[in-house]
Amino acid sequence: MKTIRNVADLRVVMHRNEQPIYFISATNFNLIGIDEWVRNFKFISYIDCFDGRHPNVFVPSEIPHAEFESIEDINNYLLQHKEVIDYIKRRGGRAVATFLMFDETTEEICNDLGIEVWFPKASLRQRCDNKMETVRIGNKAKVPSVPNTLAGAKSYEELLAAAKKAGIGTDLVVQTAFGDSGHTTFFIASEDDYNKHAKEISAEDEVKIMKRIKCRGATMEACATKSGTLVGPLLTEVVGQPELTPYKGGWCGNEIFPGAFSETIRAKACDMAYRFGNQLVKEGYRGYFDLDFLIDIKDNEVYLGELNPRICGASSMTNHAAFAYADAPLFMFHLMEFSGIKYKIDVEELNNRWAQKEFIDSWSQVVIKATDNIVDIVTHAPSSGIYRMAPDGSVSYDRFDYHRQAIENEQEAFFLRITGPGDYRYEGADLGILITRGRVMNDEFDLNERALNWIKGIKRLYATKPLTEVQRDDTPSSGSFKIL
């Protein structure tokens, strides 16, 4: 194959791809639709979101296993499942695996099975994922974080001393190294606040201590290649909405629309992601990554928030944005980077092109979690597919589909079911993801009436029954790990 020099070359290569490529995860949500761009791309999932009706999703039968404590546990279970091993062998070829999350055990299993992992090493991803390391990488790239210091805070007095030395005041935000922001970000303005979270904070030798600012969240995905860093669109974040999540500060969705950010803010974020990605390459990392940004409402300053060295929850939006249909999804450039194919692409030209407003359309997604502090068993759950909202705001199932592009207008939405019949419904459990055209928030970034009707409508389609005493011993705890 000749050297890839433009998007047309890349599309032809992926259209004719003969190497079996798998996305192995709890669900296919993060890379939904990539199978229609890349020949021989299949999903191996733990949860059957489509009741066996998606032609490119393989779900093995359930077998006894230890309780899952992470997405990595799910993936390692799948990779050791005889039905999965047989499925991969039956399809033949030199298999490739991609993941949302994986660890060194995953790498060992893949090596034993002769499967290539098309991501940087787990140890490197782990290092980059550390929130303290993110600050340090950003500093090298001249990508500033919110005024902060990295220090131990074994007591409230030690926390104040570190903050005073850094000149960041006493109204603080503290983050530990790893984990979802809804669980590992603590707002500390008094000793009582510190004492509520003392166990988590004092257990760490080093935490990120930030000045508290009033901000809006945004996220941007990018792909670090040897030709430079490709940058996707800047998305708003739906955060901490009580109708969607029980976790204050927890991510629960995204929007993309042309007027979401000023040209100045968008340009700043693009430049920061470009420089950060180029620094990641110097650190040894390459491929897909996501940056969260914090935009100070007072002065519109843009700060680096967090690094996700992986695909993430926003990937389903990025890879379906208008630029992806005009050229190619961002994840295809990740596959190109690891494929061994020679390429030399004009990153500056693509970034300039994708930054234009006509390459940004209007879509939203929300992750609907169970928010009540109860545990029960689901007896009926809405199927994945297209739903319709009536003029009175009620919601009903319209038709089966697994293409989000099948949504015709803002009165329709695609629902991807996660929690199904027979599953436990507990506080924080992911019920499903709703994707729709248009916005789900108003200009104050609260959920709008249409979004609230969608959320209520989907939740009303769930039916449950109480637990028996025998079942109570096996129930998941509130705040179990997220799978998206």
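Annotation: side-chain contact (heavy atoms from CB on, under 4.5 Å) contacts of Gln279 (sequence neighbours excluded): Ile137, Lys140, Ala141, Lys282, Glu283. Taking Arg286 as the reference, Glu337 meet the salt bridge (Lys or Arg N to Asp or Glu O under 4.0 Å) condition, with sequence neighbours excluded. Every ring-ring contact (aromatic ring centres under 6.0 Å, His included) that Phe58 has, sequence neighbours left out, goes to Tyr87. When the salt bridge (Lys or Arg N to Asp or Glu O under 4.0 Å) test is applied to Glu412, the partners found at least two apart in sequence or on another chain are Arg388, Arg399. Every residue two or more places apart in sequence or in another chain was checked for a salt bridge (Lys or Arg N to Asp or Glu O under 4.0 Å) with Arg460, and none qualifies. Considering only residues two or more places apart in sequence or on other chains, Asn278 meets the side-chain contact (heavy atoms from CB on, under 4.5 Å) condition with Thr229, Tyr274. Take Asp361 and apply the salt bridge (Lys or Arg N to Asp or Glu O under 4.0 Å) test, not counting sequence neighbours, and it matches no residue.
For the pair Asp401 (side chain) and His403 (backbone), a donor-acceptor distance under 3.5 Å is present. Between the side chain of Asp73 and the main chain of Glu69, a donor-acceptor pair closer than 3.5 Å is present. Asp290 places no side-chain N or O within donor-acceptor distance of the main-chain N or O of Cys312, the cut-off being under 3.5 Å. For Asp271 (side chain) and Lys268 (main-chain N/O), no donor-acceptor pair under 3.5 Å exists by modelled atom type. Side chain of Arg5 to backbone of Ile345: no donor-acceptor contact under 3.5 angstrom is found. Distance alone, capped at 3.5 Å, is enough to place a donor-acceptor pair between the His81 side chain and the Ser61 backbone.
For an aromatic pair to be called close, the ring centres must be under 6.0 Å apart, and Tyr77 with Tyr46 satisfies this. The six-membered or imidazole ring of Phe43 lies near that of Phe41, with a centre-to-centre distance under 6.0 Å. Aromatic pair Trp354/Phe333: centroids less than 6.0 angstrom apart.
Considering only heavy atoms from C-beta on, Asn319 stays 4.5 Å or farther from Ile311 through its side chain. Between Leu234 and Cys270, the closest side-chain pair of non-hydrogen atoms is not below 4.5 Å. Side-chain contact check for Met332 versus Leu10: some heavy-atom pair is nearer than 4.5 Å. Side-chain contact between Ile71 and Phe99: absent, with no pair of heavy atoms (C-beta onward) separated by less than 4.5 Å. Counting heavy atoms from C-beta outward, Ile455 and Leu244 have side chains that approach closer than 4.5 Å. Tyr303 is not listed as a side-chain neighbour of Ser145, based on a closest heavy-atom distance of 4.5 Å or more. The shortest side-chain heavy-atom distance between Tyr288 and Ser315 falls under the 4.5 Å cut-off. Side-chain contact between Val367 and Val238 is absent, with no heavy-atom pair separated by less than 4.5 Å.
A donor-acceptor contact closer than 3.5 angstrom links the side chains of Arg310 and Asn308. Residues Glu306 and Thr134 bring no donor and acceptor atom of their side chains to less than 3.5 Å of each other. Side-chain N/O atoms of Thr219 and Asp292 include a donor and acceptor closer than 3.5 Å. No side-chain donor from either of Asn28 and Ser45 sits under 3.5 Å from a side-chain acceptor of the other. Between Asn6 and Tyr343, the side chains place no donor N or O within less than 3.5 Å of an acceptor N or O (distance only, hydrogens not considered). Counted by atom type alone, Gln365 and Ser316 present one or more donor-acceptor pairs between their side chains at under 3.5 Å.
Classification of the Phe331-His334 ring pair by plane angle, with boundaries at 30° and 60°, yields parallel.
Sorted pairs that involve residues 217-243 and meet salt bridge (charged side-chain N to carboxylate O under 4.0 Å, His left out), not counting sequence neighbours, are lacking altogether. Pairs engaging residues 315-332 under the salt bridge (charged side-chain N to carboxylate O under 4.0 Å, His left out) rule: Asp327-Arg353 [sequence neighbours left out]. Residue pairs meeting the salt bridge (charged side-chain N to carboxylate O under 4.0 Å, His left out) criterion with at least one partner in residues 23-51, sequence neighbours excluded, are Asp51-Arg417. Pairs passing the side chain to side chain donor-acceptor pair (under 3.5 Å) check and including a residue from residues 374-385, sequence neighbours excluded, read Asp376-Arg425, Asp376-Thr464.
Of all heavy-atom pairs spanning Phe186 and Thr176, the tightest one is CE1-CG2, 4.1 Å. Between Leu461 and Pro382, the closest heavy-atom pair is O-CD, 3.7 Å. For the pair Leu78 and Ile44, the tightest heavy-atom approach, listed with the atom from each and the gap, is CD1-O, 4.0 Å. Contact detail for Thr419 and Tyr462: the closest heavy-atom pair is O-OH, 2.9 Å. Across all non-hydrogen atoms, the minimal contact from Ile295 to Ala218 is CD1-CB, 4.1 Å. Residues Val281 and Thr225 share a closest heavy-atom pair of CG2-O, 4.2 Å.
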For residues 117-125, please give each side-chain donor-acceptor pair under 3.5 Å, one per line with the distance, not counting sequence neighbours.
unit_1 : atom_1 : unit_2 : atom_2 : d
Trp118 : NE1    : Glu116 : OE1    : 3.1
Arg125 : NH1    : Pro309 : O      : 3.3
Arg125 : NH2    : Leu100 : O      : 3.3

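Other residues, nucleotides and ligands place more than 12 heavy atoms under 6.0 Å from the CD atom of Glu62. The number of heavy atoms from other shown groups lying within 6.0 Å of CD (Gln356) is above 12.
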Is there a side-chain contact (heavy atoms from CB on, under 4.5 Å) between Tyr387 and Leu434? Walk through the geometry before answering. CA-CA 10 Å; Tyr387 287 74; Leu434 189 84; 5.6 Å; no
Test side-chain contact (heavy atoms from CB on, under 4.5 Å) on Arg437 and Arg404 and set out the steps. CA-CA 9 Å; Arg437 295 180 184 271; Arg404 56 167 260 173; over 6 Å; no
Residues Phe257, Ile360; criterion side-chain contact (heavy atoms from CB on, under 4.5 Å); working and verdict: CA-CA 6 Å; Phe257 62 99; Ile360 303 172; 5.6 Å; no
Side chain to side chain donor-acceptor pair (under 3.5 Å) between Asn76 and Thr105, worked out: CA-CA 7 Å; Asn76 295 340; Thr105 300; 4.7 Å; no
Determine, stepwise, if the pair Phe414 / Thr436 fulfils side-chain contact (heavy atoms from CB on, under 4.5 Å). CA-CA 6 Å; Phe414 171 72; Thr436 183; over 6 Å; no
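The structure places CD1 of Ile433 at 12.0 Å from SG of Cys252, a figure rounded to the nearest 0.5 Å. How far CD1 of Ile418 is from CG of Asp423: 10.0 Å, rounded to the nearest 0.5 Å. Considering OG1 of Thr236 and CZ of Arg216, their distance stands at 7.5 Å, rounded to 0.5 Å.
A cation-pi arrangement is absent between Arg439 and Trp363, since the terminal nitrogen or guanidinium carbon is not both under 6.0 Å from the aromatic centre and inside a 45° cone about the axis.
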